[in-house]
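All values derive from a computational prediction rather than experimental measurement. Numbers for residues simply follow the sequence, beginning at 1.
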Amino acid sequence: MSRWIIDHLWLICAVPFTASLVILSLPNGRHKSAATLAVAGQIAALVMSFFAFLPTLRTPGFRAVQNFTWFTFGDNALRLGWLLDPLAAVMLMMITLVGLCIFVFSTGYMAADKNFVRFFAYLSFFSGAMLGLVISNSLLLLFVCWELVGLASYLLIGFWIERPSAAAAAKKAFITTRIGDMGFFLGLLWLYGRSGTLLFYDSGNGCLESTGLAMLGASATFMEGPTPVSALIHAATMVAAGVFLVARVYPIFSLDAIEGVTSSLTVVVWIGVTTALMAAFIAIAQADIKRILAYSTVSQLGLMMVSLGVGGVAAGMMHLLAHGFFKALLFLGAGSVIHGCHGEQDIRKMGGLRRLMPITFSTYAIGMMALSGVPLFFSGGWTKEEILHVTAHWPASRLPYYFLLIGVVLTALYMTRQIIYVFFGDRHADSQHAHESPRVMTIPLIALAICAILFSVVLTPAWPWLHDYLTDESAHFEFARLIQPALFLSLALVSVGVALGIWMYRKAGAQNRQRPPDTDPLEFVQPQLFRFLESKMWIDELYARTVVAFSWMSARLSDWMDRNFWDRLVRGFGGIGQLFGIFTSDVDERGINAGVDETTIGTRGLGRLMSAAHSGQIQTYLGVIAIGVLALLLFYAWLA
């Protein structure tokens, strides 16, 4: 089976695509059929991914490549291909497993939605596009799948299109992503121009192999859609695509590196640091339960990018995989809370839900501790510790390491704030009738919580199996490596963040009687700072007054130029052409045509005269000859 799936790797993404097309053809009321097809397609993709994963375990440095010609132009052939290696294999397993949990959860969460069938068609389409992206052996094919993922995210974010906020969010996400994709496309063209190929691996001639690298060296939004959509996009798929892309083409980023440092990798590091800190600060002041998790995702992406930039590719991918499990758990847990609170998303209007929703609370707490980076039993703790370790040894600067330490504290702080608001404290009036979600929604939560814990087994320094699997090394169990100074540092940082959150939102906040009930403790103490963070550091306003304003000015200038310059210029040339047409028409009608007509009339008259002389009578012809002879004699006599 493993050999067969390697030869038919494309089926892993083809099955969800096919399920999506079939579901789209179903009538709107066929809920059970749509859910069955979508879940069955995801299960099939998971099974095939598992069998594709097996040979990568048995063979060190395993890599299977299948290239084919898409079309030819002149003497050139544009080739695409599929790729299976450890990086692709673990991504396939994570995406299909987490996606399956999200699909099952969605059958309960979206049960009453009138567009249930269309929703599952979009989910399957999203899954197929992301799986195709992962197994692409061509940057062009990866770009095509990247665009399909962008289309699917647009459809899912704007799924409730009747809501103006959803329509605006979908449009904003789509346009913003397309602008970024222009850079991707230009980079793709540049790479093809320098290396002559877009295949990653091609018998030594791919752009990531020795020949291609030598040629390069010589040249030197937040989600407004249903909550399962947020889980799918933020946890395992779309946001992971950028990190996966950098990891896949890392040999290009690190080309001609000096002690692991290049200008491009340095840019990656500082963009990652800025993103991680800004998003973490913004998350502290948000009230929407999904928005907090969304900014948390942005912050964790920054953390992964820092890891890639400092050379910790394995560490960054380990955190991406772990993040896929616990972030899906958190988003689905948030969906369970919203479902139990009858659509309420403001954490300030919740409270005391741990007794009403015990399963959701227990699983959400596991996700919170994994995201916060609690070591030992939670996967996020080990991956964050590994990222801190590689960042601390970056030769270019120690500043990113210190900034990440702040980020660890902030993450524990805003997650503690969220869990206290939602599950502890006094029960808010809006949450009096909250209830636990049905089993079809809680079972995926339990499964993801187990994964978030068990996944840590292959991440520990004592048995770094996943790290060595990704780096093609042999893992050995050594218990002594479990106890390291960095472990205690991570534990201390998380403890500071959790303690600070408890003090601010559980103790000091409750004891301050001057604070209004619905006012955040940080808002009460530092209203201007809180308003700054709540307004997302006014980034949207800054964007609106710069990029958007420039776009509007450009559009208005273009409109004015079109109406007052180009339109008049075209009309002027049109008038000149019209005058020239009138002149040529006059010359043609009164000059050329009239002259030709007169010549024709004269020729016709002469022809009639000549035709009259040709009567066919012999005596007439003899008379004419006699007259001619007489005329010649008279002329001769005159000359004599």
* To do: Determine the minimum heavy-atom distance between Ala449 and Leu329, stating which atoms define it.
  => CA-CD2, 3.7 Å
* Would you say Phe71 has more than 12 foreign heavy atoms packed within less than 6.0 Å of its CZ? -> yes
* Between Gln42 and Ser127, is any side-chain donor less than 3.5 angstrom from a side-chain acceptor? -> yes
* Leu330 side chain near Met415 side chain, heavy-atom distance below 4.5 Å -> yes
* To do: Give me the ring orientation class for Tyr469 and Trp465: parallel if the planes are under 30° apart, tilted from 30 to 60°, perpendicular past 60°.
  => parallel
* I would like to know whether Leu148 and Phe17 meet side chain to side chain contact (heavy atoms under 4.5 Å, CB included); could you show each step before the answer? => CA-CA 11 Å; Leu148 293 178; Phe17 273 133; 4.1 Å; yes
* To do: Assign the ring pair Phe174 / Tyr154 to parallel, tilted or perpendicular, where the plane angle (0 to 90°) is split at 30° and 60°.
  => tilted
* Of Glu386, Gln300, Lys384, the residue whose pairing with His319 passes side chain to side chain donor-acceptor pair (under 3.5 Å) -> Gln300
* **Sidechain-backbone polar pair: Ser25 side chain, Val22 backbone, donor-acceptor under 3.5 Å** => yes
* Structure fact -> Between Ser336 and Leu445, the two heavy atoms sitting closest are CB-CD1, 4.1 Å
* Asked: Looking only at atom types and distance, does a side-chain atom of Asn28 sit under 3.5 Å from a main-chain N or O of Lys114, one as donor and one as acceptor?
  -> yes
* Take Ile282 and Tyr414, measure what side chain to side chain contact (heavy atoms under 4.5 Å, CB included) needs, and give me the verdict at the end. => CA-CA 9 Å; Ile282 292 173; Tyr414 67 69; over 6 Å; no
* Asked: At their closest point, which heavy atom of Ala52 faces which heavy atom of Ile12, and how far apart are they?
  -> CB-CD1, 4.3 Å
* Structure fact -> Rounded to the nearest 0.5 angstrom, the CZ-CG distance for Phe125 and Leu155 is 7.5 Å
* Side-chain contact test, heavy atoms from C-beta onward, threshold under 4.5 Å: evaluate it for Met317 versus Met304 and give yes or no. => no
* Below 4.5 Å, heavy atoms only, C-beta onward: do Leu139 and Cys207 meet side chain to side chain? -> no
* Structure fact -> Closest heavy-atom pair, Trp382 versus Ser456, reported as atoms and distance to 0.1 Å, is CD1-CB, 3.6 Å
* Is a side-chain N or O of Gln286 found less than 3.5 angstrom from the main chain of Lys536, in a donor-acceptor match? -> no
* Just do the side chain to side chain donor-acceptor pair (under 3.5 Å) check on Asp113 and Trp160 with the steps written out, would you? => CA-CA 10 Å; Asp113 196 279; Trp160 287 322; 2.7 Å; yes
* To do: For Ser296 and Ile292, indicate whether the former's side chain and the latter's backbone hold a donor-acceptor pair under 3.5 Å.
  => no
* Asked: Got a sec: does the CZ of Phe62 have more than 12 other heavy atoms crowding it under 6.0 Å?
  -> yes
* **Reported CG-to-CE distance for the pair Leu320 and Met305, which is rounded to 0.5 angstrom** => 9.5 Å
* Asked: Under a 4.5 Å cut-off applied to non-hydrogen side-chain atoms, are Leu84 and Ile135 in contact?
  -> no
* Asked: Tell me, do Trp82 and Asp7 make a side-chain contact under 4.5 Å, heavy atoms counted?
  -> no
* Asked: Which residues pass the side chain to side chain contact (heavy atoms under 4.5 Å, CB included) test with Leu454, sequence neighbours left out?
  -> Ile450
* Asked: Looking at Pro400 and Trp394, what are the two nearest heavy atoms and their distance?
  -> CG-CZ3, 3.8 Å
* Does Met110 reach the side chain of Phe159, with side-chain heavy atoms less than 4.5 Å apart? -> yes
* **Test log, rule side chain to side chain donor-acceptor pair (under 3.5 Å), inputs Ser195 and Thr197** => CA-CA 6 Å; Ser195 65; Thr197 181; 5.8 Å; no
* Asked: Is there a donor-acceptor contact under 3.5 Å from the side chain of Ser299 to the main chain of Ala276?
  -> yes
* Asked: Taking atom CD of Gln345 and atom CD1 of Ile289, what is their separation to the nearest 0.5 Å?
  -> 8.5 Å
* Would you say the side-chain atoms of Ser307 pair up with the backbone N or O of Gly316, donor to acceptor, closer than 3.5 Å? -> yes
* To do: Determine, step by step, whether Tyr201 and Asn67 satisfy the side chain to side chain contact (heavy atoms under 4.5 Å, CB included) criterion, reporting the C-alpha distance in whole Å, the side-chain angles of both residues, the deciding distance to 0.1 Å, and the verdict.
  => CA-CA 9 Å; Tyr201 299 100; Asn67 296 326; over 6 Å; no
* **Passing candidate, side-chain contact (heavy atoms from CB on, under 4.5 Å) with Val65, options Leu83, Leu199, Asp202** => Leu83
* With a 4.5 Å limit on heavy-atom distance, are the side chains of Leu301 and Val243 in contact? -> yes
* Point-to-point distance, once rounded to the nearest 0.5 Å, from CG of Leu321 to CE of Met318 -> 9.0 Å
* Angle class for the Phe143/Phe185 ring planes (parallel below 30°, perpendicular above 60°, tilted otherwise)? -> tilted
* Structure fact -> Of Thr274, Thr391, Val273, the one forming a side-chain contact (heavy atoms from CB on, under 4.5 Å) with Phe403 is Val273
* **Side chain Thr96, main chain Met93, donor-acceptor under 3.5 Å** => yes
* Does any N or O in the side chain of Ser138 come within less than 3.5 Å of the main-chain N or O of Gly81, such that one atom is a donor and the other an acceptor? -> no
* Asked: Under 4.5 Å between any side-chain heavy atoms of Val313 and Leu470, yes or no?
  -> no
* To do: Could you tell me whether a side-chain N or O of Thr262 sits under 3.5 Å from a main-chain N or O of Phe253, the two making a donor and an acceptor?
  => yes
* Asked: To the nearest 0.5 Å, what is the distance between CG (Asp288) and CG (Leu293)?
  -> 9.0 Å
* Does NZ or CZ of Arg79 lie under 6.0 Å from the centre of the six-membered ring of Phe68, at an angle within 45° of the ring axis? -> no
* Asked: Taking NZ, NE, NH1 and NH2 as the nitrogens, is one of them in Arg248 or Asp85 under 4.0 Å from a carboxylate oxygen of the other?
  -> yes
* Asked: Which of parallel (below 30°), tilted (30 to 60°) and perpendicular (above 60°) describes Phe326 and His323?
  -> perpendicular
* Taking all non-hydrogen atoms of both residues, which atom of Thr56 and which atom of Pro86 are closest, and how far apart? -> CG2-N, 4.4 Å
* Quick check: are there more than 12 heavy atoms from other residues, nucleotides or ligands sitting under 6.0 Å from CD1 of Ile258? -> no
* With no hydrogens and no angle check, is any side-chain donor or acceptor of Ser554 less than 3.5 Å from a backbone partner on Phe550? -> yes
* Taking atom CG of Asp181 and atom CH2 of Trp146, what is their separation to the nearest 0.5 Å? -> 7.0 Å
* For atom CH2 of Trp10, decide whether the heavy atoms of other residues, nucleotides or ligands shown that lie under 6.0 angstrom number more than 12. => no
* Asked: Could you go step by step and tell me if Ser379 and Phe325 meet the side chain to side chain contact (heavy atoms under 4.5 Å, CB included) rule?
  -> CA-CA 9 Å; Ser379 55; Phe325 289 111; 5.8 Å; no
* To do: For residues Tyr122 and Phe126, establish whether the separation of their ring centroids is below 6.0 Å.
  => no
